[in-house]
Protein chains: 2
Amino acid sequence: MRRDNTETRILETAGHVFAETGFQAAKVRDICARAGVNLAAVNYHFGDKLGLYKEVLRYACCAAGNAATFDPALPGRTPESKLRGFVRKLLQQIYGEDRPAWPVRLMTHELAQPTPAFDGVVDQVMRPKHDAIRNLVAGVIGRPADDRQTRLCAQSVMGQIIVYAHGREVLKRLWPDLQFTPETLDEIADHIAAFSCAGLKSLGRRNAAGKRKEKKLTAR
Amino acid sequence: MRRDNTETRILETAGHVFAETGFQAAKVRDICARAGVNLAAVNYHFGDKLGLYKEVLRYACCAAGNAATFDPALPGRTPESKLRGFVRKLLQQIYGEDRPAWPVRLMTHELAQPTPAFDGVVDQVMRPKHDAIRNLVAGVIGRPADDRQTRLCAQSVMGQIIVYAHGREVLKRLWPDLQFTPETLDEIADHIAAFSCAGLKSLGRRNAAGKRKEKKLTAR
DNA sequence: GACTGATTCAAACCGATGTTTTAAAATACT
DNA sequence: AGTATTTTAAAACATCGGTTTGAATCAGTC
């Protein structure tokens with residue numbers, strides 16, 4: 001069988017096209033032309049444009065080395081250094097040149113214009129990362145992972161990262177001098193990690209202080 | 001003239017539709033139907049779908065009380081309290097029910113699928129907010145507004161906010177229990193402000209320490 | 001009340017695009 | 001070889017959606 005050939009060629013091309021333009025705006029004719037296959041091939045193999053899209057999502061998520069990203073066994077001993085490693089990895093995944101910026105760009109489009117595959121995308125792309133961050137954060141501030149404050153902190157960390165993903169084009173205009181070299185990426189990752197750790201520890205201290213205060217209040 | 005009537009009705013309806021579905025996916029027929037005007041009205045009054053869109057942008061940005069948001073004379077004396085006020089205002093703008101979530105949602109769509117109006121949107125919607133945050137941040141860490149570190153910090157603050165705008169649908173799934181009451185909004189704003197101020201002050205301290213270290217090194 | 005210009009309307013136009021169809025050719029499997 | 005599965009090619013189909021058109025209506029003016 002060389003269904004291998006045609007099918008995967010479509011999948012990979014479609015991945016690029018969908019990532020560039022989103023599901024709606026992507027044209028089946030364009031995909032087929034770029035993949036060098038016949039127009040009817042999409043319907044033959046995937047039944048549907050949406051069918052192709054869903055398959056692309058699964059293909060992209062599995063093939064894109066995503067799994068490695070939320071490996072709990074990240075290098076570094078302290079929660080802080082783990083956090084830093086995680087942030088850097090995510091940033092590299094976002095800004096890696098040849099690396100598949102696929103899933104991220106697909107996410108951007110899904111956020112603006114959810115397709116029926118949205119829930120699947122959230123589960124496969126976002127949730128693992130969100131959970132990983134929550135666990136890391138929980139480690140730093142010493143609270144359970146499903147705690148309200150932990151979640152707020154996770155949002156804070158996540159936000160700092162994805163602003164570089166979703167705000168890419170905006171950033172180009174608001175800060176045109178910024179070049180994205182590997183060193184810059186490290187610099188940004190370090191900044192986010194330092195910024196976040198400071199915020200986290202401060203909240204930890206505040207919690208402790210709050211508890212002391214409560215004791216005082218109830219004691220008097 | 002009752003161009004008033006038809007034209008503004010189209011503008012307001014179009015604002016909603018564009019915000020919901022983005023420029024590409026928005027249908028002129030849909031807009032006209034909802035506005036209760038004839039199909040040809042759009043072309044007659046605005047020449048073009050894109051012409052309508054650009055007009056909507058101007059209309060939305062001017063009418064939506066956006067200007068108040070980046071008012072430099074924010075309440076609060078310290079930079080910290082100003083920052084907190086700013087964050088809260090932005091969040092309210094994002095999650096206000098009847099308030100125009102317009103510009104924000106339009107931004108989301110522009111990010112995923114830029115139209116020829118993208119530069120204008122950035123200038124009118126994003127840049128003022130970004131500049132305001134940069135100034136606030138600069139005030140907290142005591143560095144110039146166009147400093148590299150200031151910009152990184154501004155990104156950090158901005159990211160924490162817009163994750164609630166762009167990640168809205170994701171958040172619904174990742175944290176379904178979260179209700180968006182006004183109190184919750186305040187809570188989130190307080191969290192972001194506290195988190196950010198801690199990060200900012202820590203960087204300020206680190207800068208000072210770095211300078212001391214440099215002196216030591218050059219001295220020896 | 002007739003003229004003029006602006007506005008509105010219904011209908012048609014037309015290109016783009018997802019999908020299907022038909023037949024033939026190429027390939028893989030037994 | 002023979003059969004089933006893929007692939008190609010070209011065309012047609014159907015629908016959607018932006019745009020255009022030409023007639024009808026309305027508002028203001030002489």
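Computed from a prediction, not measured in an experiment: that's the story for all the values here. Throughout, a chain's letter reflects where its sequence line sits, starting with A, and its residues are numbered from 1.
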- Query: Tell me: CG of L52(B) to P of dT19(D), nearest whole Å?
  - Reply: 10 Å
- Query: CG of N5(A) versus C1' of dT27(C): gap in Å, rounded?
  - Reply: 12 Å
- Message: Closer than 4.0 angstrom, basic N to acidic O: yes or no for R173(B) and E169(B)?
- Response: yes
- Rounded to the nearest 0.5 angstrom, the CE-CZ distance for M158(A) and R151(A) is 12.5 Å
- Classify the ring geometry between F180(A) and Y95(A) as parallel (under 30°), tilted (30 to 60°) or perpendicular (over 60°). parallel
- Distance only, no hydrogens: is a donor on one side chain within 3.5 Å (strictly under) of an acceptor on the other, for T181(B) and E183(B)? yes
- Message: The test is side chain to side chain contact (heavy atoms under 4.5 Å, CB included); show your working for V125(B) and E110(B) and say whether it passes.
- Response: CA-CA 11 Å; V125(B) 180; E110(B) 282 290 339; over 6 Å; no
- Note on the structure: From CG of L39(B) across to C1' of dA10(C) the rounded distance in Å is 10 Å
- Message: Using whole Å, what does the distance between atom P of nucleotide dT21(C) and atom CG of N38(A) come to?
- Response: 15 Å
- Mind checking what makes ring-ring contact (aromatic ring centres under 6.0 Å, His included) contact with F195(A), not counting sequence neighbours? H191(A)
- F46(A) atom CZ is separated from dT7(D) atom C1', nearest whole Å, by 14 Å
- Message: Pick the closest DNA chain C nucleotide for A40(A) and for A41(B) by heavy atoms, then say which residue is nearer the 5' end.
- Response: A41(B)
- Sugar-phosphate, base or nothing in reach of V42(A), heavy atoms under 4.0 Å: nothing
- Just to confirm, is there a sub-4.0 Å distance from OP1 or OP2 of dA6(C) to any side-chain nitrogen or oxygen of H45(B)? no
- Query: Between dG17(D) atom P and L50(B) atom CG, what is the distance in whole Å?
  - Reply: 18 Å
- Whole Å only: how far is the CG atom of N43(B) from the P atom of dA10(C)? 16 Å
- Task: Select one nucleotide: of dT19(D), dT19(C), dT7(D), the one nearest the side-chain heavy atoms of Y44(A).
- Result: dT7(D)
- Message: Which residues in residues 24-35 of chain A have a heavy atom closer than 4.0 Å to any atom of DNA chain C?
- Response: A26(A), K27(A), V28(A), R29(A)
- Message: Under 4.0 Å from OP1 or OP2 of dT8(C): is there any side-chain N or O of T6(B) that close?
- Response: yes
- Message: In the structure I gave you, are the side-chain heavy atoms of M107(B) and V170(A) within less than 4.5 Å of one another anywhere?
- Response: yes
